[in-house]
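Numbers restart at 1 for each chain; the letters A, B, ... are given by sequence-line order, proteins then strands. Just so you know, these numbers use all the heavy atoms, side chains as well, and skip hydrogens, waters and symmetry mates.
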Amino acid sequence: MDWTKILNDAIAAAKTALGNEDWSAVAKGAATQIGKLVVTAQYIAEHKDQMDPAEYQFTVAQNKTALHNVFTAYEAIGEAAAQNAIAAVVKAVVADVPALAGIL
Amino acid sequence: MNTTGRVRNLIMASLLAMGLTGCSTVDYDAQADQQLTTISQEVNQQFVTWESEASPATPVAYDTKFYDKVEADVKTLEIRMEASQDTSTRTLIPVFDSLNTQFEGLRTVHKAMTASHGGFRDAPFLHSVQDNFNSQIASLLTYELSLKAASPAGSTGGKTDSTATATTGAKAAASAATLAAGPGN
């Protein structure tokens, strides 16, 4: 599994969802936080069988919340745009790692 | 980026904020800064301990003390932010709400894991959770520090005279420093 490609796909999806102007405003913080989400996705993909569903559900939700906070609190992206961008990131990761469908 | 680079970024963005002279006021709140630092210490001390202990053979059982303390501290700080006259500071209130919701969620998971498996067993899971708390607390700390750097009152706290876009400058400083901190910080 090429997790660098998956990260790049996820970042590209967020950029497309937000548009160039909004993405430019959040790019630095958001790329870092998307990276954390992808690292979490990788860990879950590789260790899901050793984890309790409550654990990976919590950490996925926390990653999404942190990304949402980057989008909205610090850079004033609207709620709908933030939700769309998070959904686009998740969709991109799941497209590359179908086993994560229903988990992310 | 090294520490010098990070500091340079922070200073440059703060100077931008200071350079915008005008009519509104942005508060640096020394007590809020200290309270954020305290919360950061509480979180990191607890997670480092948990991560060193957690394994399938030695699960970390639920203990209410950490959650009670950190949730109360975050709520106290949120109330302080709600009292602020600064619009930009008040926009951070949802972040504090969100942090408390995350601690409450972790408490629920910890209780469930203790009931089903004796406690948390997976150190990397705990590290991921710690990392996410840190990134959010760091952004709040950076915001306060950028106000401090731009404040003529310096480390003693006070107000920073600037234009209405000064908080944007402070946010730019926060973003620059967040970037400088890089992934995993």
Query - Reference residue A:Asn69; test side-chain hydrogen bond (donor to acceptor under 3.5 Å, both in side chains); the match among B:Ser98, B:Ser135, B:Ser139 - result: B:Ser98
Requested in this report: Would you mind reporting whether A:Val39 and B:Ser128 have side-chain heavy atoms less than 4.5 Å apart?
Outcome: no
Query raised in the report: What are the two closest heavy atoms between A:Glu55 and B:Phe125, and how far apart are they?
Result: O-CE1, 3.1 Å
Query raised in the report: Mind checking whether A:Val70 and B:Gln136 have side chains closer than 4.5 Å, heavy atoms only?
Result: no
Query - Spacing of CD belonging to A:Gln50 relative to CZ belonging to B:Arg121, to within rounding of 0.5 Å - result: 9.5 Å
Query raised in the report: Does B:Tyr143 belong to the same Ile/Leu/Val/Met/Phe/Trp/Tyr cluster as B:Ile79, with side-chain heavy atoms less than 4.5 Å apart forming each link?
Result: no
Report task. Considering non-hydrogen atoms only, spot the tightest contact between A:Asp52 and B:Ser116 and give its length. Result -> OD2-OG, 4.2 Å
**Report entry** Pairwise distance NZ(A:Lys64) to CG(B:Asn132) - rounded to 0.5 angstrom
**Finding:** 13.0 Å
Query - CD/A:Glu79: more than 12 non-hydrogen atoms of other groups inside 6.0 Å - result: yes
Report task. Can you measure from CE (A:Met51) to NE2 (B:His117) and round to the nearest 0.5 angstrom? Result -> 11.0 Å
Requested in this report: Given side-chain contact (heavy atoms from CB on, under 4.5 Å), test B:Phe133 with A:Gln62 step by step and report yes or no.
Outcome: CA-CA 9 Å; B:Phe133 278 128; A:Gln62 191 194 28; 3.6 Å; yes
Report summary line: All heavy atoms of A:Phe58 vs all of B:Leu106, minimum pair found to be CE1-N, 3.3 Å
Query raised in the report: Between A:Tyr56 and B:Asp122, do the side chains contain an N or O donor and an N or O acceptor separated by less than 3.5 Å?
Result: no
